[in-house]
Enquirer: 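This is the structure, below, for whatever I ask next.
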There are 2 protein chains.
Amino acid sequence: MTDQPKFAQIKQHIIDKIRAGAWQENQRVPSENELSDQFQVSRMTARRALSELTESGVLTRSQGLGTFVASFKSQSSLLEIRNIADEVKERGGNYTCIVLSLESISAIAPIAIALGVEMDSLVYRSIIVHNENDAPLQVEERFVNPALAPEYLQQDFSQTTPHEYLTQVAPLTEARHTVEAIMPNEEICQWLDMFNEEPCLQVIRRTWSSHGIVSFARLISSGSKYRLGGHLTFKK
Amino acid sequence: MTDQPKFAQIKQHIIDKIRAGAWQENQRVPSENELSDQFQVSRMTARRALSELTESGVLTRSQGLGTFVASFKSQSSLLEIRNIADEVKERGGNYTCIVLSLESISAIAPIAIALGVEMDSLVYRSIIVHNENDAPLQVEERFVNPALAPEYLQQDFSQTTPHEYLTQVAPLTEARHTVEAIMPNEEICQWLDMFNEEPCLQVIRRTWSSHGIVSFARLISSGSKYRLGGHLTFKK
DNA sequence: AAGTGGTCTAGACCACCAG
DNA sequence: TGGTGGTCTAGACCACTTA
């Protein structure tokens, strides 16, 4: 308890004050100099406590003015989108997958646009079902820019996931996601082994490498079996 | 361009190397001492560049070993769940809301459990529809622990949102979310003004203050009008 | 002008990991 | 034992804000 680093002790002190309500939203907290006096540390150490709490969204700072307790109103919480294979393994499930399709197709307009290639040019497409304990959990339809991953079709995706392979051959520099609720079509119902139509979570992910758009993936999971989770806390 | 802070220039240099593929996944990057020699800066400055890139997930460090390019495989991407009023205002829409219900009810089992109160005890409930340009975008059903916000029912939620009010009277210390796809019931269809049944995104949010669970909210949005977005990049 | 945060230096000691 | 990252110090100069 007591042999925590000094900057961590100061962080904890600030968090305690906020939790206890002693320092309210938008109220000023002690300056770097005040803290370094109070805790008998150098300014750099006090500064580190304030900087890290600012980074994690607990405080806001502005030059010349001071440091303040952040207003919760403006806080946005974060949700994780994780690798589904890792998730399954982490909760002790048995992860398997089935490659339903691995081919090259002619890009219709929306695919061509999403991948940044010419319309009707050839692109690669894979469809893979991810299973947990042999029950389908998520279907992944992925379109790949052949210029950036020419050997995509030769891979064995029952051993290594497309995402893993692609990050090796074309280092990832950027990714964008959207999440929405959709009704699956009949095909997807079959793949996910759903008897009745039920709503699904659809994650659309586009990934970039330094040479352009690498791939465009639709990850569809049954709404009742899969959910995204997030957690926001003040303990850190 | 050239009058960036030194630590930022070093960060950019490292990112450039990774983007260009010169430094591959899991490969070692220069140590603090090597960077401070190379860039003619103090070790603290080189250290800051490495620390910040580690914090943002680009690098991983371990004491005694060195600093390495993080593997993308293990990276999880983050999605934001934001205050809907802020979101609407930010994109230039006109935000309004309608309070459909504000009352105290008897807690049935799942509500009592979620709020951590006795079954059949009184809890507060509000139902509010959030509009963008007078069209319903999201409905918020919220259950509130009366012990932590006794005057909840007296508030005017057309002026201040429940979330705003609650963070004032019971400072937030923790929040948990789940996101799933659901089919709305008839009631929700009415509130959201949907003619046909369509899938919806449902965010469940529980918030804690230092004295316990403050509230439990269901935020339901039409799948076709609302989506969550996320972005992961190397530019920062 | 005084106080704030933002950047930076040139040292220091420590814990950890390798050969 | 030497190199690495982790913590810390006691200064310094600057840009910014308020009075």
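Residue numbers start from 1 in every chain, and the chains themselves are labelled A, B, ... in the order their sequence lines are given, proteins ahead of strands.
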Enquirer: Short of 4.0 Å, heavy atom to strand atom, which residues of residues 30-42 of chain A count as contacting DNA chain C?
Expert: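 Nucleic-acid contacts, sorted: A/Ser31, A/Glu32, A/Asn33, A/Glu34.
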
Enquirer: Kindly say whether A/Ala135 contributes a backbone atom to a donor-acceptor pair with the side chain of A/Asn133 at under 3.5 angstrom?
Expert: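 No.
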
Enquirer: Over all heavy atoms of both residues, which pair between B/Ala181 and A/Leu201 is shortest? Give the atoms and the distance, please.
Expert: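 For B/Ala181 versus A/Leu201, the nearest heavy atoms are CB-N, 3.7 Å.
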
Enquirer: Is a donor from one side chain sitting under 3.5 angstrom from an acceptor on the other, for A/Thr178 and B/Arg227?
Expert: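 Looking only at side-chain atoms, B/Arg227 and A/Thr178 do not form any donor-acceptor pair under 3.5 Å.
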
Enquirer: Using a strict cut-off of less than 4.0 Å between a Lys/Arg side-chain nitrogen and an Asp/Glu carboxylate oxygen, indicate whether B/Arg206 and B/Glu174 qualify as a salt bridge.
Expert: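 Here B/Arg206 does not pair with B/Glu174 in a salt bridge, since their nearest N and O are not under 4.0 Å apart.
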
Enquirer: Have a look at B/Arg48 and say if it touches a base, only the backbone sugar-phosphate, or nothing, with a 4.0 Å heavy-atom cut-off.
Expert: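 Answer is sugar-phosphate: B/Arg48 comes under 4.0 Å of backbone atoms only.
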
Enquirer: Can a donor-acceptor pair be found between the side chains of B/Asn33 and B/Ser31 at a distance below 3.5 Å?
Expert: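 Short answer, no.
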
Enquirer: Quick check for you: name the first and last nucleotides of DNA chain C, 5' to 3', having an atom under 4.0 Å from a heavy atom of chain B.
Expert: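 Footprint of chain B along DNA chain C, 5' to 3': C/dT7 to C/dA18.
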
Enquirer: So, A/Arg142 versus A/Ser215: side-chain donor-acceptor pair below 3.5 Å or not?
Expert: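 Checked: A/Arg142/A/Ser215 side chains pair up, N/O donor to acceptor below 3.5 Å.
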
Enquirer: Looking only at heavy atoms, what is the nearest atom pair of A/Gln4 and A/Gln9, with distance?
Expert: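 The pair with the smallest heavy-atom distance is O-NE2, 2.9 Å.
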
Enquirer: Quick one: which protein N/O atoms are closer than 3.5 Å to N/O atoms of nucleotides 14-19 of chain D? Pair and distance per line, please.
Expert:
residue	atom	partner	partner atom	Å
D/dC16	O4'	A/Gln63	OE1	3.1

Enquirer: More 5' along DNA chain C: A/Met44 or A/Gly66, using each one's nearest nucleotide?
Expert: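 Of the two residues, A/Gly66 wins.
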
Enquirer: Looking across every strand, which nucleic acid part, if any, lies under 4.0 Å from A/Thr67 by heavy atom: base, sugar-phosphate, or nothing?
Expert: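 Result for A/Thr67 = sugar-phosphate.
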
Enquirer: Between B/Tyr152 and B/Phe143, is the ring centroid distance below 6.0 Å?
Expert: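 Aromatic pair excluded; centres sit 6.0 Å or further apart.
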
Enquirer: Before accepting this row, confirm whether a basic side-chain N of the pair B/Glu87/B/Arg82 lies closer than 4.0 Å to the acidic partner's carboxylate O.
Expert: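 No.
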
Enquirer: So, are A/Glu132 and A/Arg91 salt-bridged, with charged N and O less than 4.0 Å apart?
Expert: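 Counted as a salt bridge, because a side-chain N and a carboxylate O are separated by less than 4.0 Å.
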
